[in-house]
Amino acid sequence: VALLQEAVELRQAGVRLPILALGAADCSDADGFVEHEVTAAAATLAFARALSAAATGQGKTACCHVKLDSGMGRQGVRPGEMAQFGRCLLALPSLRVTGVFSHFADSASNDEFTRRQTECFRHGAGVLEGLVTEAVGDGNGNAGGTPVAPGGGNGNAGETPVAPETHGGRRLLWHLANSGGVAFHPASWLDAVRPGGLSYGIPRYDRPCPIQARQVMALKSRVVTVKSLQSGDSVGYDRTFVADRPTRTAVLPLGYADGYPRSVSGKAGVLVRGRRCPVLGRVSMDCIVIDVTDIEGCTEGEEVVLLGRQ
């Protein structure tokens, strides 16, 4: 998942499998990660220390995957800083390092930069792996592990130590490949992959994708109001649409507050009975208006597809 809040929803729904929250987290979230036994992404020592303190306070062991910045330029530890970061991390009480990951910047189109990112990640992850292996040899219980279901009675936040053979001879779980990595860069697959848009069947590539993907997402609504406009009548804020003919319109009960982008005002179309109907005027916070002039007999309750097929 991306956020702790998403992980908490899964826990409350009865999901007991290990959960990794990949997004940046605030130090104030540390108690929640430990309480709900969610593995966190550690990109700063400040957050790692907060996670350690929260785990110590709750009498548990928190788990984290270290975020490495291999070229995305956002969150993460630079490879040259990994040795110092890793030593500090492994010295923290009640905190177990169980994985290391990074993220591609341009894996769908820039093969050379992606190759350099992969090499950069392997170097930084190798440094951390070496520190973890050394710590395990020294009897440091804060190093190494693989996910198990939480609540197993070991007091750890969803993970427990295992033999290094678990991840191809490594103690940590290495993961790097996003959708573009999965599609075009098998050298980046490592121990796990994290496809995003590709898993929804939405590859956005300028070259043929070797993976046959089918769009599985859909956004649907229903007509709540149908009315008639005369020539010269306007629709929506700022009167950006003015009818130049008698027009039948339909109102849908969703808008930009629901995630439908305001930027598509007057540009997008939707499907009614398999026919494209344009969005008229501005997308409002909680409704949009479409042109159903050519949909004979369109009435309230009619299904409308905003994303997907019909």
Side-chain angles (χ1 to χ4, degrees), residues 1-4 6-7 19-26 39-45 47-48 64-86 97-130 167-168 170 172-217 219 259-264 267-268 307-308:
V1 299
L3 304 172
L4 172 63
E6 296 170 336
I19 300 175
L20 168 63
L22 292 163
D26 187 79
T39 301
T44 67
L45 280 177
F47 177 73
C64 70
H65 286 200
V66 173
K67 177 69 178 289
L68 189 152
D69 182 5
S70 61
M72 190 70 167
R74 302 188 308 192
Q75 292 279 314
V77 182
R78 297 294 294 174
E81 302 167 347
M82 184 58 79
Q84 180 178 357
F85 183 87
V97 182
T98 55
V100 57
F101 71 105
S102 189
H103 196 65
F104 283 139
D106 197 10
S107 57
S109 56
N110 193 325
D111 291 344
E112 174 58 25
F113 190 76
T114 301
R115 183 189 63 78
R116 285 159 47 195
Q117 274 198 267
T118 302
E119 291 178 356
C120 180
F121 173 74
R122 284 183 175 277
H123 170 71
V127 170
L128 183 62
E129 182 77 35
H167 307 306
R170 295 190 287 265
L172 301 180
L173 185 77
W174 293 24
H175 48 111
L176 174 62
N178 58 1
S179 291
V182 171
F184 303 112
H185 304 281
S188 70
W189 294 352
L190 303 172
D191 301 322
V193 296
R194 307 188 311 270
L198 185 62
S199 60
Y200 296 97
I202 314 175
R204 301 179 296 274
Y205 309 132
D206 296 328
R207 54 177 166 173
C209 178
I211 297 175
Q212 297 299 313
R214 179 172 61 87
Q215 183 172 317
V216 295
M217 285 184 63
L219 175 61
Y260 194 74
R262 195 168 186 264
S263 59
V264 302
K267 304 173 186 176
L307 174 66

For the residue pair F121 and V100, what are the closest heavy atoms and their distance?
-> CZ-O, 3.6 Å

For the residue pair F101 and H65, categorise the inter-ring angle as parallel (less than 30°), tilted (30 to 60°) or perpendicular (more than 60°).
-> tilted

Taking atom CD of Q84 as the centre, does the number of heavy atoms from other residues, nucleotides or ligands within less than 6.0 Å exceed 12?
-> no

Is it true that atom CD of Q212 has more than 12 heavy atoms of other residues, nucleotides or ligands lying nearer than 6.0 Å?
-> no

Test log, rule side chain to side chain contact (heavy atoms under 4.5 Å, CB included), inputs E6 and I19 = CA-CA 10 Å; E6 296 170 336; I19 300 175; over 6 Å; no

Shortest non-hydrogen contact from T39 to T98?
-> CG2-OG1, 4.3 Å

Quick one: closest heavy-atom pair of H103 and Q117, and the distance?
-> O-NE2, 3.0 Å

Side chains of R194 and L20 in contact at under 4.5 Å (non-hydrogen atoms) = no

Shortest non-hydrogen separation from G76 to A43 and the atoms involved | N-CB, 3.8 Å

Quick one: does S179's side chain have a donor or acceptor within less than 3.5 Å of a partner on G196's backbone?
-> yes

Look only at the side chain of S102 and the backbone of L68, and say whether a donor-acceptor pair between them is shorter than 3.5 Å.
-> yes

Are P210 and F184 side-chain neighbours, meaning at least one heavy-atom pair lies under 4.5 Å?
-> yes

Note, S107 side chain near N178 side chain (heavy atom, < 4.5 Å) = yes

For L198 and P195 the tightest heavy-atom approach is CB-CB, 4.3 Å

Over all atoms of both residues, closest heavy-atom pair of R122 and W174 | O-CH2, 4.0 Å

Expected output: side-chain D69 to main-chain M72 donor-acceptor under 3.5 Å | yes

Would you say F104 and T118 make side-chain contact, with heavy atoms under 4.5 Å?
-> yes

Any sub-3.5 Å donor-acceptor pair from R207's side-chain atoms to A108's backbone N or O?
-> yes

What's the verdict on side chain to side chain contact (heavy atoms under 4.5 Å, CB included) for L176 and H185, showing C-alpha distance, side-chain angles and the deciding distance?
-> CA-CA 10 Å; L176 174 62; H185 304 281; over 6 Å; no

One should read off an interatomic distance between F47 CZ and K67 NZ, to the nearest 0.5 angstrom, of 12.5 Å

Is E119 paired with R116 through a side-chain N to carboxylate O contact shorter than 4.0 Å?
-> no

